[in-house]
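Report on one structure; see the data block that follows.
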Amino acid sequence: MTTPDAVPLSGPRFQTDPARLYREMRRDHGSVVPVLLDGDIPAWLVLGYRELHQVTGDPVLFSRDSDLWNQWENIPADWPLLPMIGRKQPSILYTVGERHRQRAAMVSNALEAVDPFEMRGHAERFADELIDALCAEGEADLIAQYAMLLPVRVLARLYGFSDEEGPGLVTALNDMIDGRERALAGQAHLAGSMARLVADRREKPADDVVSRMLADDSGFSDEEIVQDLMVMMAAGHQPTADWIGNSLRLMLTDDRFAASLFGGRNSVAEAMNEVLWEDTPTQNVAGRWAARDTRLGGRAVRTGDLLLLGLQGANSDPQVRTHASELTGGNNAHFSFGHGEHRCPFPAQEVAEVIARTGIEVVLDRLPDIDLAVPADSLARRPSPWLRGLTRLPVRFSPVPAR
């Protein structure tokens, strides 16, 4: 499968200008791009909107079963992407068919039972606590001191964790998602935390997400539930934190939002939707595996080939975004939450939206004259092809007292 012009899925351009990089990939290779993962492992990156719709809409031909991968013999035990492309992982990500539908229903039901008013109350309280810790200073980094701390605190409360466990979960999640030398250690910390919580709730059920998952009658083991909770926490925390950070950056730097930054709340919803189209937190996802030889976007895809879902590339496909400079308004036909039977469950999407929107609104309410403290072009992103978020967002504002 390896082609001589395969593009390494790494490097600073994913940090500095991924939009241009995706355009160049599409120009040079078309809608399905040969890429190389760590250790020169070959894969396909699907950048075409129609091709991605085809891949995510056909779970038989493009399976979520990672056992199909034709590269396992070349993957070392310490490969840093193993937390993202695992084998024999008993989680919802790698379950297929009827068992996956049962599993998705268990997760959706457990999240759907969350009271939205109670959840917003948790989000407002935690957000106010975080603002209280910085509002008297007149300056802050809204990534490290706010966005990276808020989602996991809300999710931890909804799942059943104590507030004290939040910081350790944040560190472990970031290590795991960044896919570097601490990825496996982060995965181990998260797994241990989830296993302890599941064991505790098995003994002492409560009104929380974990207890509702354990009460489901589909017969999933504790280990399967632990794996699903790890997926839910990883998918719920980091992309939501980046959604908050990317939306605040947009509102603080884009003239289209400057006039409405301190006005009504419609501007917050517009900015959040614009980010999902233009600067989505989840850029690329692994993956799907071809169940047989096929063709996709003019490429010969072989049995067992890995296909990476290029969500941001598809969102900016010129065949569907003919006027990319226009505001997206209420159009939500983006791929930022996936598509098909393995897309992000709707209740999970709603949880992320409530946390992100509440987090942004609390910042604007509590720090009314907030402004960027550094030149916009100096803001740096994490060097990851998978998730796109700021390393820091320095702001200044008039000091105000804590509530």
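Being a predicted model, the structure only gives us computed values, none of them experimental. We use all heavy atoms of the structure for the numbers below, so side chains are in, but hydrogens, waters and symmetry mates are not.
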Does the plane of the ring in Tyr49 sit parallel, tilted or perpendicular to the ring in His53? Use 30° and 60° as the thresholds. parallel
Heavy-atom check, side chain of Asp5 versus side chain of Asp28, under 4.5 Å: no
Phe62 vs Leu307, side-chain contact (heavy atoms from CB on, under 4.5 Å): CA-CA, chis, key distance, verdict: CA-CA 8 Å; Phe62 300 105; Leu307 298 105; 3.8 Å; yes
More than 12 foreign heavy atoms under 6.0 Å from CZ of Arg27: is that the case here? yes
Any idea which heavy atoms bring Gly359 and Leu150 closest together, and the distance? CA-CD2, 3.6 Å
If we only count heavy atoms from C-beta on, is the Leu169 to Ser193 side-chain gap below 4.5 Å? yes
Taking it one step at a time, do Glu137 and Arg396 satisfy salt bridge (Lys or Arg N to Asp or Glu O under 4.0 Å)? CA-CA 9 Å; Glu137 302 299 321; Arg396 54 175 172 258; over 6 Å; no
Specify the closest pair of heavy atoms between Gly245 and Ala147, including all atoms of both residues, with the distance to one decimal. N-CB, 4.4 Å
Please determine which of Arg381, Glu274, Glu278 meets the side-chain hydrogen bond (donor to acceptor under 3.5 Å, both in side chains) test together with Asn246. Arg381
Between Ser247 and Ala271, which heavy-atom pair has the shortest distance, and what is it? OG-O, 4.1 Å
Can you tell me how far apart CD (Glu118) and CZ (Arg157) are? Round to the nearest 0.5 Å. 8.5 Å
Apply the test salt bridge (Lys or Arg N to Asp or Glu O under 4.0 Å) to residues Arg382 and Asp242: give CA-CA distance (whole Å), side-chain angles for both, the deciding distance (0.1 Å), then the verdict. CA-CA 10 Å; Arg382 290 193 309 276; Asp242 289 337; 2.8 Å; yes
Can Asp207 and Arg212 be counted as an ion pair, charged N to O under 4.0 angstrom? yes
Side-chain contact, heavy-atom cut-off 4.5 Å: Leu306 with Leu37? yes
Applying side-chain contact (heavy atoms from CB on, under 4.5 Å) to Leu81 and Trp386, what does each step give before you reach the verdict? CA-CA 11 Å; Leu81 294 182; Trp386 310 102; 3.8 Å; yes
Worked verdict on Arg366 versus Asp132 for side-chain contact (heavy atoms from CB on, under 4.5 Å): CA-CA 9 Å; Arg366 297 285 308 275; Asp132 280 348; 2.7 Å; yes
Quick check on side-chain contact (heavy atoms from CB on, under 4.5 Å): which of Leu252, Asp254, Leu248 does Leu250 satisfy it with? Asp254
Is there a donor in the side chain of Asn284 and an acceptor in the side chain of Arg388, or the other way round, less than 3.5 Å apart? no
Counterpart residues, ring pair (Phe, Tyr, Trp, His ring centres under 6.0 Å), relative to Phe220 (two or more places apart): none
Donor on one side chain, acceptor on other, Thr303 and Arg292, under 3.5 Å: no
Evaluate side-chain contact (heavy atoms from CB on, under 4.5 Å) for Val154 paired with Val152, printing each intermediate quantity in order. CA-CA 5 Å; Val154 181; Val152 72; over 6 Å; no
Quick check: do Asp222 and Leu214 have side-chain heavy atoms less than 4.5 Å from each other? yes
When rounded to the nearest 0.5 angstrom, what is the spacing between CZ in Arg302 and OG1 in Thr294? 10.5 Å
So, are Asp208 and Arg201 salt-bridged, with charged N and O less than 4.0 Å apart? yes
Taking all heavy atoms of Thr391 and all of Asp141, pick out the closest pair and write down the distance. O-OD2, 4.3 Å
Report yes if the side chains of Arg249 and Asp279 come closer than 4.5 Å at any heavy-atom pair, otherwise no. yes
Using a 6.0 Å cut-off, check whether atom CD of Glu223 has over 12 heavy atoms from anything other than its own residue. yes
Closest approach of Leu82 and Ala77, non-hydrogen atoms and distance? CD1-O, 3.3 Å
State whether a side-chain donor-acceptor pair under 3.5 Å links Asn315 with Gln312. no
Given the rule in the side chain to side chain donor-acceptor pair (under 3.5 Å) test, do Glu165 and Ser162 qualify, once you have shown the distances and angles that lead to the verdict? CA-CA 6 Å; Glu165 292 173 279; Ser162 69; 3.0 Å; yes
Here the gap from Leu142 atom CG to Leu134 atom CG, rounded to the nearest 0.5 Å, amounts to 7.0 Å
Pair Asp58, Arg288 - check salt bridge (Lys or Arg N to Asp or Glu O under 4.0 Å), show working. CA-CA 10 Å; Asp58 189 343; Arg288 300 290 188 272; over 6 Å; no
Short side-chain donor-acceptor distance under 3.5 Å, Glu361 and Thr358: no
Indicate whether the side chain of Asp305 and that of Asn70 have a donor and an acceptor atom separated by less than 3.5 Å. yes
Between Ser31 and Glu51, is any side-chain donor less than 3.5 angstrom from a side-chain acceptor? yes
Pick one: which of Met148, Met232, Arg153 meets side-chain contact (heavy atoms from CB on, under 4.5 Å) with His237? Met148
How long is the span from the OG atom in Ser316 to the CG atom in Leu47, to the nearest 0.5 Å? 8.0 Å
Quick one: closest heavy-atom pair of Val285 and Thr282, and the distance? CG2-CG2, 3.4 Å
Does Gln238 reach the side chain of Trp243, with side-chain heavy atoms less than 4.5 Å apart? no
Taking atom CZ of Arg13 as the centre, does the number of heavy atoms from other residues, nucleotides or ligands within less than 6.0 Å exceed 12? yes
For Asp115, give me all partners under salt bridge (Lys or Arg N to Asp or Glu O under 4.0 Å), at least two apart in sequence or on another chain. none
Euclidean distance, Asp228 CG relative to Met213 CE, rounded to 0.5 Å: 5.0 Å
Student check: side-chain heavy atoms of Ile85 and Trp289 closer than 4.5 Å: yes
What is the distance from atom OH of Tyr146 to atom CD1 of Ile360, rounded to the nearest 0.5 Å? 8.5 Å
Is there a side-chain contact between Trp44 and Leu308 in this structure, where contact means two heavy atoms from C-beta onward sitting under 4.5 Å apart? no
